[in-house]
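Reading through the structure tokens given below for one structure.
Reminder, nothing fancy here: chain letters follow the sequence lines and each chain counts from 1. Values reported hereafter were calculated over all heavy atoms of this structure, with side chains retained and with hydrogens, waters and symmetry mates removed.
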Amino acid sequence: MSVYAHSLPVPETLQTNSRNPTPETLENGLLRTFKSPFELKQIHAQIIKTNTPPSVLQLSHVASICALTSSFPYARTIIHLSGKHETAVWNSCLKDFAQSESPDDAVRLFSRLCEHGICLDAFTFSFVLKACTKLLDGLGGRVIHGFIEKLGFQSNLYLQNSLVHLYVVSGEIDSVRQLFDKMPDRDVVSWNIMIKHLVKMGNVDEAYNLFSMMPERNVRSWTSMIMGFVQCGKPKEAVDLFTKMEEEKLCPNEVTVVAVLSACADLGALDLGKKIHEFANRSGFKRNIRVCNTLLDMYIKCGCLVAAYSVFEEMEQKTIVSWSAMIQGLAINGKGEEALILFSKMIHLQIKPNGVTFIGLLYACSHMGLVHKGRQYFASMSRDYGIVPQIEHYGCMVDLLSRAGLLKEAHEFIKSMHIKPNGVVWGALLGGCRVHKNVELAEEAIKHLLELDPLNDGYYVVLSNIYAEAKRWEDAARVRKLMREKGVKKTPGSSSISLDGVVHEFVAGDDSHPQTEVIQQTWEKLLEEMRLRGYVPNTSVVLLDIEESEKVRFLYRHSEKLAVVFGLINTANGTPIRVMKNLRVCEDCHAALKLISEIVDRKIVVRDRNRFHCFENGVCSCKDFW
DNA sequence: GTAGGGTTAG
């Protein structure tokens with residue numbers, strides 16, 4: 001079906017889009033293929049001379065030209081002469097524009113088609129909607145929607161789905177619901193779009209409800225749902241769903257692999273990650289850059305730098321994402337120097353860094369105490385690469401200065417910021433105040449933090465620690481009281497370790513594990529040896545208002561200690577122990593794990609909230625700087 | 001010739 005759009009006035013929204021061509025559009029857009037302004041005439045001459053009509057492709061070149069020049073009627077003449085179906089030619093052109101770097105050219109061409117009363121069909125709309133989707137142009141979408149209704153295409157399922165999707169990506173929530181609810185027919189695509197919508201709204205439970213109710217599910221449905229869980233911070237659910245998908249004998253594709261690998265990265269689930277890696281190799285997914293980048297990230301987040309590096313090395317093509325991930329990976333694994341060297345190598349290869357690359361670099365500097373170098377990178381990002389520092393970069397800089405003990409300077413830096421500092425920025429200062437014992441500035445930081453992020457328990461805990469270390473017990477008690485009043489509870493420390501694919505979780509103070517007794521006995525034995533090597537429990541990390549002996553008892557049941565001891569008991573001598581922790585490792589556990597690695601002669605890798613600690617022969621890869 | 005997932009930071 002096709003309809004002439006003669007009678008339709010071109011709405012203003014679309015007219016504003018139909019700006020005149022600029023050198024940039026000509027350079028960036030599809031019109032790079034536009035060789036000379038004489039092309040039109042050449043094609044015209046060809047038709048007349050040889051009597052061979054040009055192909056649709058050639059003609060869509062003509063159309064490309066006309067979209068931006070005044071020779072629209074002339075182009076129509078040529079298309080008519082060619083004997084090709086005019087709508088097909090324009091559609092081909094719209095499709096190219098929609099796929100190009102400047103999809104707004106498609107919108108502009110569409111306006112011209114309307115102005116000149118060209119016959120439109122469903123394909124015309126689908127292409128222009130694709131362009132609007134790419135542009136996140138919900139308003140333009142509404143206008144096209146109006147056209148679709150007026151011209152009688154409203155029952156076309158392709159167009160319905162395209163419209164719903166456009167409303168999803170452009171955030172027109174009300175329109176999404178309205179349109180979806182009154183759709184006469186829905187297919188698996190419609191449902192998949194709704195999953196994306198609900199996930200985007202953060203409503204992953206409802207998305208899963210919908211997923212369960214769907215009349216039909218394909219690989220994309222499963223993948224969208226798995227990815228939805230990952231995006232909503234539920235990697236465990238993502239992995240569980242993936243297992244169900246395998247049970248249904250559905251074959252994962254590249255996107256599924258990316259989703260599951262992301263979940264593995266979040267969980268630190270190395271075993272499953274390795275399996276997916278093998279599957280990806282078998283399936284020939286290695287050529288897919290996103291698969292490789294996610295794989296690389298998975299190994300990094302699981303603390304397997306060597307495996308990550310070999311994925312990186314083997315990649316046929318690397319993007320800035322690969323480089324940035326590798327730089328950050330080295331940095332969080334205590335290989336800051338290597339991170340900086342890799343960056344130099346990248347620059348040498350003339351690869352342009354982006355904002356994320358600099359986050360990794362600044363992080364590396366911060367964790368090595370390289371203040372000068374960090375300042376240089378910060379200055380260089382805008383000066384040499386035109387990257388405007390974002391709030392994350394400011395956060396890194398405050399962290400760098402604060403860790404190095406330059407607290408006043410860090411504070412000045414915050415005050416001079418051009419954007420409003422957020423919780424991360426003030427939190428970095430607070431962290432530095434703890435290490436360098438500056439109560440006064442800590443109080444300044446907390447003042448802002450209580451405004452910005454009053455429900456974040458971490459800040460209260462740090463402040464209370466700072467007071468406790470300064471022996472200001474009343475103030476420490478006051479902070480705890482404040483927490484109670486605000487209903488803020490300290491997140492319990494929790495560590496997990498995976499053995500033979502089973503994840504064992506330990507929460508601080510937890511003695512519910514079936515092996516609790518053996519864990520206690522082993523710990524006692526280790527403790528004797530640790531004491532001989534100079535270990536003294538550091539009870540300042542315990543915030544509770546309890547007797548000293550109670551504090552020690554508490555300290556000995558910190559989750560990372562429990563998980564590590566459990567690992568020692570249940571694995572063969574020499575096997576590395578890998579533990580994931582939800583919070584940062586405490587000072588006491590850090591000291592204890594260094595000694596334990598020496599006593600039992602094992603590598604112990606702990607991933608905390610921020611980075612990796614690799615304990616080996618009595619030292620930690622973080623060089624006690626974290 | 002038309003519609004629906006994906007990578008580094010957080």
Flag side-chain contact, heavy atom, 4.5 Å: Met368(A) against Glu337(A)
yes

Is the aromatic ring centre of Phe123(A) closer than 5.5 Å to the centre of the six-membered base ring of dT2(B), with the two planes inclined by less than 30°?
no

Gap between atoms CD and C1', on Gln99(A) and dT2(B) respectively (whole Å):
11 Å

If you check the Asn218(A) side chain, which of dT8(B), dG4(B), dG5(B) turns out closest?
dG4(B)

Look at His393(A) and dG10(B) and indicate whether a side-chain polar atom (N or O) is within less than 4.0 Å of OP1 or OP2.
no

Is the shortest distance from a Lys or Arg side-chain nitrogen in Arg142(A) or Glu172(A) to a carboxylate oxygen in the other one below 4.0 Å?
yes

On the nucleotide dG4(B), are OP1 or OP2 found under 4.0 Å from the side-chain N or O atoms that Lys196(A) carries?
no

Whole Å only: how far is the CD1 atom of Ile144(A) from the P atom of dA3(B)?
15 Å

Between Arg217(A) and Glu248(A), is the closest basic N to carboxylate O distance under 4.0 Å?
no

Provide, to the nearest angstrom, the distance between the CG atom belonging to Asp297(A) and the P atom belonging to dA9(B).
5 Å

Side-chain N or O of Lys301(A) less than 4.0 angstrom from OP1 or OP2 on dA9(B)?
yes

Any N or O donor-acceptor pair under 3.5 Å from the base of dG5(B) to the side chain of Asn253(A)?
yes

Which of these, Tyr394(A), Phe358(A), Tyr385(A), sits in a ring pair (Phe, Tyr, Trp, His ring centres under 6.0 Å) with Phe378(A)?
Tyr394(A)

Whole Å only: how far is the CG atom of Asp399(A) from the P atom of dG10(B)?
11 Å

Contact class for Thr294(A) vs. all strands (heavy atom < 4.0 Å): base, sugar-phosphate, or nothing?
sugar-phosphate

At less than 3.5 Å, do the side-chain atoms of Ser324(A) and the base atoms of dT8(B) form a donor-acceptor pair?
yes

d(CG, Leu94(A); P, dG1(B)) in whole Å:
17 Å

Phosphate OP1/OP2 of dA3(B) contacted by Lys130(A) side-chain N/O (<4.0 Å)
yes

Nearest-Å distance for atom pair NZ/C1', residues Lys318(A) and dT8(B)
15 Å

Sole residue of Asp174(A), Ile193(A), Val176(A) in side-chain contact (heavy atoms from CB on, under 4.5 Å) with Tyr167(A):
Val176(A)

Atom CG of Asn161(A) to atom C1' of dG5(B): distance rounded to whole Å?
15 Å

Figure out the CG/C1' separation between Asn293(A) and dG6(B), and round it to whole Å.
11 Å

